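Here is the naming used below: chain letters follow the sequence lines, and residue numbers restart at 1 for every chain. Predicted model, so just to flag it, every value in this text is computed and none were measured. Scope of the values below: all heavy atoms of this structure, side chains included, with no hydrogens, waters or symmetry mates.
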Amino acid sequence: MSVQQLLALEPPGWGGYLLEGLLTSLQVALAGYLLGLLIGTVGATIKRGDNLLARDLVSIYTTTVRAIPELVLILLVYFALPEAINQLLQALGLTKIEIGGFAAGVMVIALVQGAYATEVIRGAINAIPPGHIEVAHSFGMHPFKIFYRITLPEMLPSALPGLSNLWLVATKDTALLAVVGFTELTLAARQAAGSTKHYFLFLLAAGVLYLLVTLISNQVFRYLENRTSKGARHA
Amino acid sequence: MPKVSLFAPHRLVLMALALILCLSAAINMDWSWMERYSQDIIGGLWRTLALLTGTAIIGFLLSIPLGLAQAAGPAPLAWLARGFCTLIRGTPILLQLWLLYYGLGSVLPYIPGIRQSWLWPLLSEAWPYAMVSLSLCFAGYGGEVMRGAFKGVPNGELEAAQAMGMHPFTILRRIWLPRAIQRVLPTLNGELIMQLKATPLAATIAFIDIYAVIARIRQETYIIYEPLLLLALAYLIMAGLITLGFRYLENRTQARR
């Protein structure tokens, strides 16, 4: 078969299969990233807060998660966590649950992203002049309102470079799910390669797709950075 | 924010809890497999460390010209170096590794004469592929770091060296490179931990590191938690040692300012 035939969208070509894998990868990455941002926002708020115990617990979380390889975390979430949950459920007399590849992938990526996002967001909030938030407090604004009217718009310019980096890490981390047999882009490419014996072609094609995602994301984030830093004084 | 003492009450409670947790894990969990596999575990740890140090050294040596080309090289070289860094940083490491091992590995045997050459015994094993792939990966990420590092060295220092009549290579060796490395030590610490976290990927191409050893133990004994906990602990300790080492280096280089 020629290269065009191998990469054709319709079977027997494998192009459609690769694109499906890409879509799955992006879904896992996006869900994990958004959940991670949520964890990161909560983590950063706690780390800036007054509760000493909660602050230390968040520090333990960010330090351990950032030191353990994602591949090990995937094994822990995919194999050990369901077992632990099921043992607990059985003890309570409830039925067993199953954690699929998609859910495990989202959980691992959210866990990792949350740890890194905590540090990124904390740094960005620290860069806001404290007076701005104090003024909002003294106006009697609700904390949520302060967050989305003052904190969020003011921290975005300094947080976006870090957050764009994290998004790229999330898209690349989805590849690790191939190791536990979850068919995302990398495993799809390897399956296509294995059944046609064209290893170089398909792995290279997957690489090109990942690179495209990276380059397009870079453009999107550059646009966002320009937009959010409008009106900021450049030294 | 005021620094909290290590012996603040809540920390003492946390430490006591951690101690209880560790003790109960040591007593209640099943660690009997450790004795049988101790040789394998030590061998795996050793191979993980060898892969880490080997790839970090080769990758760092490669990242110096990559950073230099981007910071001060002629346009085509700078463009090539930037392209390489984008390529490495824009694709998953697992894919790079598989592309090299399965992709290149499936093409190589068709090169005439290669089976008779001295390279062949090397090319039919897994570790050279892991070594090359992870070295290139470290070089790609490090090149980006070194670019910023070279650019951050104050121009006056380089001009002063030039005015003293130093050879450009001597300037690089004595002033530009040491000053650049000194500035990015904390970043390099992070990069090295990233590299440590990338080493278990080599287990997917049959390189027997600590991750692969633990995976085999899990398959053979059907024990769920203990091997994974030991694995996580091993990586935690290695990452901690790397950070301690860098802290020592940072203190040493700062004292000499």
Within [range], which positions have a heavy-atom distance to chain B below 4.5 Å?
range	value
residues 212-221 of chain A	A:Thr214, A:Leu215
residues 180-190 of chain A	A:Thr186, A:Arg190
residues 73-80 of chain A	A:Leu75, A:Leu76, A:Phe79, A:Ala80
residues 110-125 of chain A	A:Tyr116

Next item on the list: Decide yes or no on side-chain contact (heavy atoms from CB on, under 4.5 Å) for A:Leu53 and B:Leu14, but give the supporting numbers first.
Entry: CA-CA 9 Å; A:Leu53 178 65; B:Leu14 273 184; 3.9 Å; yes
Check: Can you tell me how far the CG atom of B:Leu95 sits from the CG atom of A:Leu204, to the nearest 0.5 Å?
Finding: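 So the gap between those two atoms works out to 8.5 Å.
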Check: Which distance, rounded to the nearest 0.5 Å, do you find between the CG of A:Asp173 and the CD1 of B:Ile93?
Finding: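 If I round to the nearest 0.5 Å, the distance is 8.5 Å.
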Checklist line | Contact winner vs chain B - A:Arg66, A:Lys197, A:Glu70, A:Lys172, heavy-atom pairs under 4.5 Å | finding: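 Heavy-atom pair counts peak at A:Lys172.
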Check: Are the side chain of B:Tyr225 and the backbone of A:Ala84 linked by a donor-acceptor contact shorter than 3.5 Å?
Finding: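 Indeed, once roles are kept as given, a pair shorter than 3.5 Å links the two residues.
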Residue part contacting chain A, namely of [X], when any heavy atom lies under 4.5 Å:
X	answer
B:Ile214	neither
B:Thr86	both
B:Leu94	side chain
B:Met194	side chain

Checklist line | Greater than 12 external heavy atoms within 6.0 Å of B:Trp33's CH2 | finding: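 Enclosed.
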Next item on the list: Check whether more than 12 heavy atoms from other residues, nucleotides or ligands sit under 6.0 Å from atom CH2 of B:Trp120, and answer yes or no.
Entry: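 Yes, enclosed.
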Note to self: Between A:Leu71 and B:Tyr235, is there a side-chain heavy-atom distance shorter than 4.5 Å?
What the structure shows: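 No. Closest side-chain heavy atoms not under 4.5 Å.
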For [X] against [Y], the heavy-atom pair lying closest together:
X	Y	result
A:Phe200	B:Leu99	O-CD1, 3.9 Å
A:Val65	B:Lys197	O-NZ, 4.3 Å
A:Leu203	B:Trp98	CD1-O, 3.4 Å
B:Leu236	A:Ala67	CD2-CB, 3.6 Å

At a heavy-atom distance under 4.5 Å, which candidate from [options] has the highest pair count against chain A?
options	result
B:Thr204, B:Ile242, B:Leu201	B:Leu201
B:Thr199, B:Val13, B:Leu228	B:Leu228
B:Gly190, B:Pro92, B:Ala239	B:Pro92
B:Arg89, B:Gln96, B:Met238, B:Arg218	B:Arg218

